[in-house]
Amino acid sequence: MSFLMVSCAGVKQKGLTKGFQEPLTVSDLSIVAQDASDEIGFDEFEDEFSPVTEETVFDPLSGYNRAMTTFNDKFFDYVLSPVSRGYSFVVPEGGRIGIRRFFKNLFYPLRFLNNVLQVKYDQAAIETARFIVNSTVGLLGFFDPAEEWLGLEAHPEDFGQTLGVYGVGPGFHIVLPFIGPSNLRDAIGLIPDAYSVPLAYIPEMNISGVSESDGTLIAVGAESYRRLNSASLSLEEYESLRRDALDLYSFLRDAYERNRAAEIKE
Amino acid sequence: MKKAVFVLIGMMLLTQPVLASDVAEVEAFLTQRLDGVMALLQDKKLDKKTRNDKIVVIITEAFDFDTMAKLSLGKKHWPGLSGKEKKRFTDLFIERLKASYLEKLDLYDDEKIVYSKPEQVKNKVQMLTELVSKDNKITMLYKLYKSKKEGWRVYDVELEGVSLITTYRSQFNEVLQTGTMKDLFAKLERPEAESN
């Protein structure tokens with residue numbers, strides 16, 4: 001709006017200096033139009049990129065968060081990246097994708113539960129159909145015929161999102177060791193998340209010859225392996241993202257919070 | 001009276017309503033460009049440099065880089081810059097944006113694009129696309145406005161709900177809150193990808 005005033009003022013000035021005898025010509029008008037194209041940008045776009053979206057995230061832990069971001073970044077460079085590169089060398093991509101699918105299939109209860117809690121019953125039904133098809137025809141989930149043949153797509157939802165759907169705000173931002181950016185709500189959501197995954201019940205399964213503490217070790221090992229396998233398929237994504245940042249911590253923080261907000265809105 | 005006429009013409013220039021034909025135009029325009037990029041990505045005979053040069057030609061047609069540069073600094077910082085600073089910033093920003101975009105494409109070269117019908121949002125048009133691969137899906141929302149000189153152009157892309165312009169804007173704003181344009185220029189020179 002303020003621009004409109006400027007452009008009006010421009011026209012007025014032209015009119016005044018030229019007097020009334022000499023009419024404004026097309027070129028005068030194009031000058032006005034050109035000014036317009038140079039500065040119009042903002043008023044037309046500003047409501048979209050309004051200061052509201054610039055609002056800084058509530059971040060009382062920024063000192064700790066920054067340090068943890070650096071730690072995670074170093075962990076990526078010195079542990080995760082080299083180990084998963086070695087692993088990728090041994091296990092071909094097709095195999096790693098299969099393994100990722102296997103774990104994804106195993107995590108069906110998590111998606112089912114949260115779809116139900118978010119009253120997305122149709123999606124919960126699709127998840128169930130996917131689980132049945134992929135566990136059988138898909139050979140324990142290593143393949144995904146549900147999507148490839150039947151067009152049934154997964155609908156990932158977690159407890160952090162469910163809480164968000166019910167109006168729980170994100171709370172302060174917190175960077176978790178090894179896991180990365182999170183916030184109070186999503187970090188709390190990780191606890192029920194962990195309990196809705198079958199891996200959590202390995203210690204209580206009373207498998208013969210496996211004590212409970214061995215079971216815990218197996219569960220932690222399986223989860224670490226799942227993370228390694230999944231990281232091996234997206235190393236370059238993090239590396240490329242990292243190069244987009246001027247400041248890694250605030251970049252990852254903002255991207256995380258905006259992505260979560262968008263996921264919850266869906 | 002004459003003044004009033006010019007003010008009216010000026011206002012008409014400023015507010016261009018979106019017509020149904022515009023939505024179809026955007027769809028054709030963007031689909032063609034993105035298909036072109038995809039075809040280049042999948043053409044394994046081209047060496048990377050030639051391929052990237054050709055992609056840059058296509059995306060330069062589709063994206064309004066100058067406007068994106070302006071928007072990424074925003075009303076808060078852009079108007080205060082000198083002409084020289086504007087030019088330097090725009091150049092660095094475009095360089096960075098291109099490098100980042102080409103690098104992202106490299107990650108997703110085995111995927112196909114699924115297009116949704118564009119949607120009108122006020123006087124702009126948004127088109128949702130999905131990059132679909134073997135077991136992954138990435139949503140990219142292209143946002144276009146009608147530029148007077150060149151017709152429909154992309155001014156922002158949302159990747160998984162995260163707007164490129166908003167992301168850059170917060171990053172630049174953060175640097176400028178404590179530093180100067182000179183600091184920003186230094187930071188804008190994007191580190192090269194390590195070769196491995």
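Chain letters run A, B, ... following the sequence lines, proteins first, then strands; residues in each count from 1. Excluded from the calculations below are hydrogen atoms, water molecules and symmetry mates; all remaining heavy atoms, backbone and side chain alike, are included.
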Portion of A:E257 that has a non-hydrogen atom of chain B nearer than 4.5 angstrom: neither

Option that, when pairs with chain B are counted at under 4.5 Å, heavy atom only, ranks first among A:L233, A:D247, A:D144: A:D247

Sequence neighbours excluded, every pair satisfying salt bridge (charged side-chain N to carboxylate O under 4.0 Å, His left out) that has a member inside residues 151-165 of chain B: B:K143-B:D156, B:K143-B:E158

Distance-only side-chain donor-acceptor flag, B:T50 / B:D47, under 3.5 Å: yes

Side chain, backbone, both or neither of B:L159 within contact of chain A (heavy atoms, under 4.5 Å): neither

Interface moiety of A:R100 toward chain B, non-hydrogen atoms closer than 4.5 Å: side chain

Side chains of B:T139 and B:E130, donor plus acceptor under 3.5 Å: no

Donor + acceptor pair across side chains of A:Y249, A:D73 (<3.5 Å): no

